[in-house]
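The next block holds one structure in the form of structure tokens; read it before the comments.
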Protein chains: 2
Amino acid sequence: MTTEEHIIKAAREVFIRKGFQGTKMQEIADEAGINKALLHYYFRSKEKLFEQIFAEAFGQLIPTLSQKLDEITELETFIRFFVPFYTNFIQKNPHLPQFIIHELSQNPDRIRSLAAAQVFPFPKLSRMITQAVTEKKIRPIETDSLIINIMALIIFPIVAKPMIEGVIFRQNTAAYQNFMAKRSEEVIETILNSINLQTNK
Amino acid sequence: MTTEEHIIKAAREVFIRKGFQGTKMQEIADEAGINKALLHYYFRSKEKLFEQIFAEAFGQLIPTLSQKLDEITELETFIRFFVPFYTNFIQKNPHLPQFIIHELSQNPDRIRSLAAAQVFPFPKLSRMITQAVTEKKIRPIETDSLIINIMALIIFPIVAKPMIEGVIFRQNTAAYQNFMAKRSEEVIETILNSINLQTNK
DNA sequence: AATAAGTTTAACTAAATGGTTAAACTATTT
DNA sequence: AAATAGTTTAACCATTTAGTTAAACTTATT
């Protein structure tokens, strides 16, 4: 692993954990096991380093599913694949959505250009939903609503973990973990029911 | 309006908008129309000022509904009241949940004590849900899951506004607003369907 | 009018932080 | 062996920022 890779890895962790403002160059250097001078030697400025990290982070959030979206044609099949897949991914990168949301609201300009490059593979999914509505397989619902509902049910409990753990589970970490372990199943059932697609349990 | 109130108001806006790290005392002073010296004269330190704001903010997020929870006994009735009520509240304080989530994850210790004081009026709501399940009015679901589902569907689209507006609506602000205008209805239908409580449309 | 509370001004300190620099050292390449 | 890329050390600068202080000024209170 090269020094540059060490830096990138360290920067990713610190930036995502603490946001742009909260991140100190010294902390990145420490985490990477090098010194500040070398950090600046590789990446001239904090801004430049941040750009790399953000572009990469934002890229991760969306694209992997683009492949599967080409294989699957049935909405139910897609949901049953997507929910655990995405839940799993977000659980492995729990700070990612919050980081993106936070930075996007703190400094939209710094990010706009980077984000614009990313393309969500929407059309295919939209068509899938529209078709299901037309064929009366599911209740009438706008494609945007359904997509956002799914995202909300997956992402929110992870983004709001400190809130949920504190307010709902009263600092009982085990209770939260137990809740999250069954989350994927619950989201599938909630979604399928919410559009009147009976679960075949 | 006293100077103290001016400060509180200014601090609330700036803190919620920019978080603890992102907030500068000078900015609060400017927003309050006073100078930094006076700001420190009223609230000795940034920490002290922050505590006040956070306690108040966190308090707002939860309690108002405690009243209604005493009047209503039917789960469907409660959902039909709660969803628009809470959606409306969050829309008026769009930065509040994100602020709480962000600060809670940045510095749990700074907040733990404050948050612990707040009590969500859960028991009553939990009983309402449990009873509905027992009476087979709704499908079997854990109370925590249902509550978190409702919160997720309401809060996520607002917290993730910059993300949704950018990625899903492609910077089309009008499209987002149009989506949010109908959001409350959609959430009610989604929730009621998701627990097999037919909407009577 | 005198007193005190509230407020401003402006200068200051101390610490944190992003960024720079020069010199020395180490490992690798030629 | 000489040259070069990579790395460290440590001092340094400039800026930002939280917080302090003292003196003057303004507005209410007595």
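So that the names make sense, note that chain A is the first sequence line, chain B the second, and so on, each numbered from 1.
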**Request:** Considering just the side-chain nitrogens and oxygens of A:T3, establish if one lies under 4.0 Å of OP1 or OP2 belonging to D:dT7.
**Result:** yes

**Asked** Do A:M180 and A:Q91 touch side chain to side chain, with heavy atoms closer than 4.5 Å?
**Response** yes

Can you give each donor-acceptor pair under 3.5 Å made by side-chain atoms of residues 29-41 of chain A, sequence neighbours left out, with the distance rounded to 0.1 Å?
unit_1	atom_1	unit_2	atom_2	d
A:D30	OD1	A:Q26	NE2	2.9
A:N35	OD1	A:L38	N	3.1
A:H40	ND1	A:R44	O	3.1

**Item:** A:F43 CZ - C:dG18 P separation (whole Å)
**Value:** 16 Å

**Prompt:** For B:D30 and C:dT8, what is the distance between atoms CG and P respectively, to the nearest whole Å?
**Reply:** 12 Å

**Ring geometry between B:F169 and B:Y176 (parallel below 30°, tilted from 30 to 60°, perpendicular above 60°)** = perpendicular

Atom pairs, protein N/O to nucleotides 24-27 of chain C N/O, distance under 3.5 Å:
none

Below 3.5 Å is the cut-off: list the nitrogen or oxygen pairs between protein and nucleotides 9-16 of chain D, distance only.
none

**Request:** Please determine if a side-chain N or O atom of B:Y41 lies less than 4.0 Å away from the OP1 or OP2 oxygen of C:dT7.
**Result:** no

**Asked** Does a salt bridge link A:K9 with A:E5, judged by any charged N lying under 4.0 Å from a carboxylate O?
**Response** no

**Options D:dA18, D:dT8, C:dT8, nucleotide nearest the side-chain atoms of A:I34** = D:dT8

**Nucleotide D:dG19, atom P - distance to CE of B:M25 in whole Å** = 6 Å

**Prompt:** In whole Å, what is the span from the CD atom of B:Q26 to the C1' atom of D:dG19?
**Reply:** 12 Å

**Item:** Distance, rounded to the nearest Å, where A:K48 contributes NZ and C:dG18 contributes C1'
**Value:** 14 Å

**Request:** For the pair A:E74 and A:K137, find out whether any cationic side-chain nitrogen is under 4.0 Å from an anionic carboxylate oxygen.
**Result:** yes

**Message:** Which label fits A:F85 and A:F81: parallel for a plane angle under 30°, tilted from 30 to 60°, or perpendicular past 60°?
**Reply:** parallel

**Item:** Interatomic distance, A:Q21 CD vs C:dA16 C1' [rounded to whole Å]
**Value:** 13 Å

**Prompt:** Which is true for A:T2 with a 4.0 Å heavy-atom rule: it touches a base, it touches only sugar-phosphate, or it touches nothing?
**Reply:** nothing

**Prompt:** Relative to each other, are the rings of A:Y86 and A:F89 parallel, tilted or perpendicular (30° and 60° limits)?
**Reply:** tilted

**Message:** Tell me the interatomic distance from B:E5, atom CD, to C:dT7, atom P, rounded to whole angstroms.
**Reply:** 12 Å

**Prompt:** Are A:T190 and B:R139 linked by a side-chain donor-acceptor pair shorter than 3.5 Å?
**Reply:** yes

**Prompt:** What's the NE2-P distance between A:H40 and C:dT17, to the nearest Å?
**Reply:** 13 Å

**Request:** Please determine if a side-chain N or O atom of A:Y42 lies less than 4.0 Å away from the OP1 or OP2 oxygen of D:dT7.
**Result:** yes

**Prompt:** Hey, is CD on A:E142 packed in by over 12 heavy atoms from elsewhere, all under 6.0 Å?
**Reply:** no

